[in-house]
*Asks:* 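Sharing a structure, written as structure tokens. Questions coming.
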Amino acid sequence: MNLLGEFNIYNVLAAMVAFYGRGYSMEAIIEQIEQLPPVKGRMEKVCSELPVQMFVDYAHTPDAIEKAIEAAQPYKKGKLIS
């Protein structure tokens, strides 16, 4: 899927269960998940020619900020600046 972060995995799994419970096939559900575009401002990767990885997240609570930092950890090489 094109969504970053463990929280997105949990959200997608919950959605999968809901759609499966409504009678959709797992193949159809997975096909749609593969096409999900990233959500603007939610662990959104910023494309740049700079030699850094940048992500934007509208986290506004201590828990959300912590989750955003955790989601960015696998992509860091060196320092993580938030």
*Asks:* Contact between Ile9 and Met1 at the side-chain level, heavy atoms closer than 4.5 Å - yes or no?
*Replies:* yes
*Asks:* Might you point out which heavy atoms bring Ala68 and Ala59 nearest each other, and give the distance in Å?
*Replies:* CB-CB, 4.4 Å
*Asks:* Which pairs, with at least one residue in residues 6-21 and sequence neighbours excluded, count as a side-chain hydrogen bond (donor to acceptor under 3.5 Å, both in side chains)?
*Replies:* Glu6-Tyr10
*Asks:* Could you check if a side-chain atom of Pro38 sits within less than 4.5 angstrom of a side-chain atom of Met43, using non-hydrogen atoms only?
*Replies:* no
*Asks:* Please, which pairs that meet side-chain hydrogen bond (donor to acceptor under 3.5 Å, both in side chains) have at least one residue in residues 32-46, sequence neighbours excluded?
*Replies:* Arg42-Asp57, Lys45-Gln53
*Asks:* Any pair with a residue in residues 21-57 that passes ring pair (Phe, Tyr, Trp, His ring centres under 6.0 Å), sequence neighbours left out, goes on the list, sorted by first then second residue, please.
*Replies:* Phe19-Tyr24, Phe55-Tyr75
*Asks:* Any salt bridge (Lys or Arg N to Asp or Glu O under 4.0 Å) pairs touching residues 67-82, not counting sequence neighbours?
*Replies:*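 Every pair satisfying salt bridge (Lys or Arg N to Asp or Glu O under 4.0 Å) with a residue in residues 67-82: Asp63-Lys67.
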*Asks:* If hydrophobic clusters are built from ILVMFWY residues whose side chains come within less than 4.5 Å, do Ile29 and Val12 share one?
*Replies:* yes
*Asks:* Test of understanding: clusters of I, L, V, M, F, W, Y form through side-chain heavy atoms closer than 4.5 Å, transitively. Do Leu3 and Met16 belong to the same one?
*Replies:*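 Leu3 and Met16: one cluster.
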*Asks:* How would you list all residue pairs meeting salt bridge (Lys or Arg N to Asp or Glu O under 4.0 Å) that involve residues 14-31, not counting sequence neighbours?
*Replies:* none
*Asks:* Between Leu13 and Ile33, is there a shared hydrophobic cluster once you connect ILVMFWY residues whose side-chain heavy atoms come closer than 4.5 Å?
*Replies:*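 Both belong to a single hydrophobic cluster.
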*Asks:* For the residue pair Leu36 and Asn2, what are the closest heavy atoms and their distance?
*Replies:* O-ND2, 3.3 Å
*Asks:* Quick one: are Val56 and Val46 in side-chain contact, heavy atoms under 4.5 Å?
*Replies:* yes
*Asks:* Taking ring pair (Phe, Tyr, Trp, His ring centres under 6.0 Å) as the test, write out the residues that go with Phe7, two or more places apart.
*Replies:*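 In terms of ring pair (Phe, Tyr, Trp, His ring centres under 6.0 Å), with neighbours along the sequence ignored, Phe7 is linked to no residue.
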